[in-house]
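The block underneath contains the structure these notes are about, expressed in structure tokens.
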Protein chains: 2
Amino acid sequence: MTHSEENYIKAIFHLGMGSEDVISTNSVAERMETKPSSVTDMMKKLSAKGLVHYKKYQGVSLTPLGVKTALSIIRKHRLWEVFLVEKLDFTWDEVHEIAEQLEHIESEKLIDKLDELLNFPKFDPHGDPIPGKNGEFIERDNQLLSQIPIGSSAICVGVKDSSAVFLRFLDKNNIALGNKMKIVEKEEFDNSLRIHIDQRELNLSQQIASNLYVKMIKL
Amino acid sequence: MTHSEENYIKAIFHLGMGSEDVISTNSVAERMETKPSSVTDMMKKLSAKGLVHYKKYQGVSLTPLGVKTALSIIRKHRLWEVFLVEKLDFTWDEVHEIAEQLEHIESEKLIDKLDELLNFPKFDPHGDPIPGKNGEFIERDNQLLSQIPIGSSAICVGVKDSSAVFLRFLDKNNIALGNKMKIVEKEEFDNSLRIHIDQRELNLSQQIASNLYVKMIKL
DNA sequence: TATATAATTTAGATATAACTAAAAATATGT
DNA sequence: ACATATTTTTAGTTATATCTAAATTATATA
Ligand SMILES: [Mn+2]
Ligand SMILES: [Mn+2]
Ligand SMILES: [Mn+2]
Ligand SMILES: [Mn+2]
């Protein structure tokens with residue numbers, strides 16, 4: 001498989017949130033930052049290879065083989081991200097671009113050895129689950145901070161938006177995975193939250209709160 | 001730079017043994033396992049980019065920029081090989097193919113961090129010198145076992161042929177970098193050597209002996 | 001349901017990196 | 001120095017991955 005084919009498969013997988021959902025040509029084009037006509041060409045190719053179901057004008061979906069392929073690329077991407085952070089002291093906002101390249105390296109043995117070196121991590125630096133050799137993975141709690149009731153406590157377990165800008169914002173405010181936070185108040189006007197974290201009080205806009213995955217805890 | 005361009009630059013560098021020697025189109029084609037006409041095309045492109053000096057029918061040589069580029073790719077290749085052996089327990093016959101892929105990953109920071117993780121190694125698993133950030137490197141002793149006088153002792157410091165077949169042959173006979181060996185006898189008939197190594201006596205054909213780099217030692 | 005709008009595909013073009021076959025230049029041997 | 005052999009280049013073709021513009025199909029609206 002070419003890098004390009006792999007990137008398309010990954011895009012379709014993420015757009016369908018990991019299921020075999022039907023995805024539109026336009027949405028793939030948008031995500032890939034390419035033109036719909038280029039997507040059509042590639043869909044024909046991927047369809048011929050048995051990786052996607054595709055009928056013209058009907059959108060596209062991954063076949064079971066396509067899902068398996070996507071999971072393997074994502075496994076590689078996320079393991080490399082863990083490597084970069086754990087072994088090379090990269091920060092979580094620096095790793096994605098490099099992992100975009102490393103995910104295409106072909107060697108099953110390399111990935112298994114890397115997995116072992118990293119002690120078989122289950123989540124990447126952004127809290128995203130790392131699929132195992134056979135595609136199995138632990139579902140991460142997918143509740144957003146913006147969705148949980150006032151007064152409740154939660155642990156930060158992931159980011160929905162993992163852009164460098166957002167990650168650096170979190171760093172600046174000392175918000176990291178594993179942090180415990182309690183929602184003190186919700187502002188009616190703009191849905192911003194006042195939270196208690198790390199002996200501090202912090203104001204988070206709705207947009208921030210709806211990009212943080214949390215796991216609720218009882219006190 | 002594309003992977004293809006990088007591979008051509010590396011090929012020209014190796015054919016010229018690291019200097020700015022003039023290389024023939026045919027020799028590049030042979031090394032790249034491609035056709036001379038394809039080489040001509042690429043030489044025009046690399047010339048336009050200022051990486052090689054090229055005049056039709058006159059052969060090709062690297063510019064200083066070309067040499068610098070080659071050294072950077074080789075640095076990456078060899079550091080990744082060390083990583084694979086030291087950190088992921090690969091054997092020296094398994095690493096080259098994977099490094100051929102990894103050498104094209106673009107990130108200066110990644111390579112510098114890797115260098116640090118590996119403790120700034122000066123040689124790769126095959127005894128080849130690893131260029132530093134600025135292209136400088138330690139010249140390895142380039143004497144071949146076949147060239148040193150009978151009765152002398154030497155330490156194995158590298159392999160000229162680093163094909164998997166040869167490396168596995170060396171493993172099978174417990175010949176590794178750092179081993180001390182003494183030439184006991186040279187057979188007139190076929191130039192094979194009888195050597196003393198590791199409390200053993202071993203017979204090495206001329207072909208073997210002319211693919212092992214050694215550093216002579218005084219007793 | 002007819003029409004307008006949006007989504008998607010097709011057709012045709014460009015760029016890269018290969019190839020084959022033929023032409024041209026260089027090198028070699030007598 | 002000439003004829004031949006070898007090397008190298010050119011011209012034209014193929015495959016991949018893009019693009020733009022035009023045509024087609026689907027969807028939404030009146
Ligand atoms: Mn990522
Ligand atoms: Mn990618
Ligand atoms: Mn190598
Ligand atoms: Mn390479």
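Below, chains carry the letters A, B, ... as their sequence lines are ordered, and counting in each starts from 1.
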So for atom CD, which belongs to B/Glu108, do other residues, nucleotides or ligands contribute more than 12 heavy atoms lying within a distance under 6.0 Å? no

Determine whether more than 12 heavy atoms belonging to other residues, nucleotides or ligands lie under 6.0 Å from atom CD of B/Gln207. no

May I ask you to evaluate whether B/Ser4 reaches the phosphate of C/dT16, defined as a side-chain N or O under 4.0 Å from OP1 or OP2? no

Check the orientation of A/His3 and B/His3. Use parallel for under 30°, tilted for 30 to 60°, and perpendicular for over 60°. perpendicular

Look at the side chain of B/Ser37 against the base of C/dT20 and say whether a donor-acceptor pair falls under 3.5 Å; ignore hydrogens and angles. yes

Could you give the CD1-to-C1' distance, from A/Ile23 to C/dA7, as a whole number of Å? 15 Å

B/Phe169 vs B/Phe166 aromatic rings, parallel, tilted or perpendicular, using cut-offs 30° and 60°? parallel

In whole angstrom, what separates A/Leu46's CG from D/dT16's C1'? 13 Å

In residues 47-61 of chain B, what residues come within less than 4.0 Å of DNA chain D, judged by heavy atoms? B/Tyr54, B/Lys56, B/Tyr57

Do the side-chain N or O atoms of A/Lys35 get closer than 4.0 angstrom to the phosphate oxygens (OP1, OP2) of D/dT18? no

Is any side-chain N or O of B/Thr25 closer than 4.0 Å to OP1 or OP2 of D/dT9? yes

Atom CD of B/Glu30 and atom P of D/dT6 are separated, to the nearest Å, by 15 Å

Gap between atom OG of A/Ser38 and atom CE of A/Met32 - 0.5 Å precision: 9.5 Å

The side chain of A/Lys44 lies closest to which of these nucleotides: D/dC19, C/dT10, D/dT9? C/dT10

Rounded to the nearest angstrom, tell me the gap between atom CD in A/Glu33 and atom C1' in D/dC19. 15 Å

Grab the CG-P distance between B/Asn26 and D/dT6 for me, whole Å please. 12 Å

For B/Asp41 and D/dG12, what is the distance between atoms CG and P respectively, to the nearest whole Å? 14 Å

Which part of the nucleic acid does A/Ser38 contact within heavy-atom distance under 4.0 Å: base, sugar-phosphate only, or nothing? base

Spacing between B/Met32 atom CE and C/dA18 atom P, to the nearest angstrom: 6 Å

Nearest-Å distance, OH (B/Tyr8) to C1' (C/dT16)? 12 Å

In terms of heavy-atom contacts, does NZ of B/Lys160 have more than 12 from other residues, nucleotides or ligands at under 6.0 Å? no

Crowding at CD, B/Gln147 (>12 non-hydrogen neighbours, <6.0 Å): yes

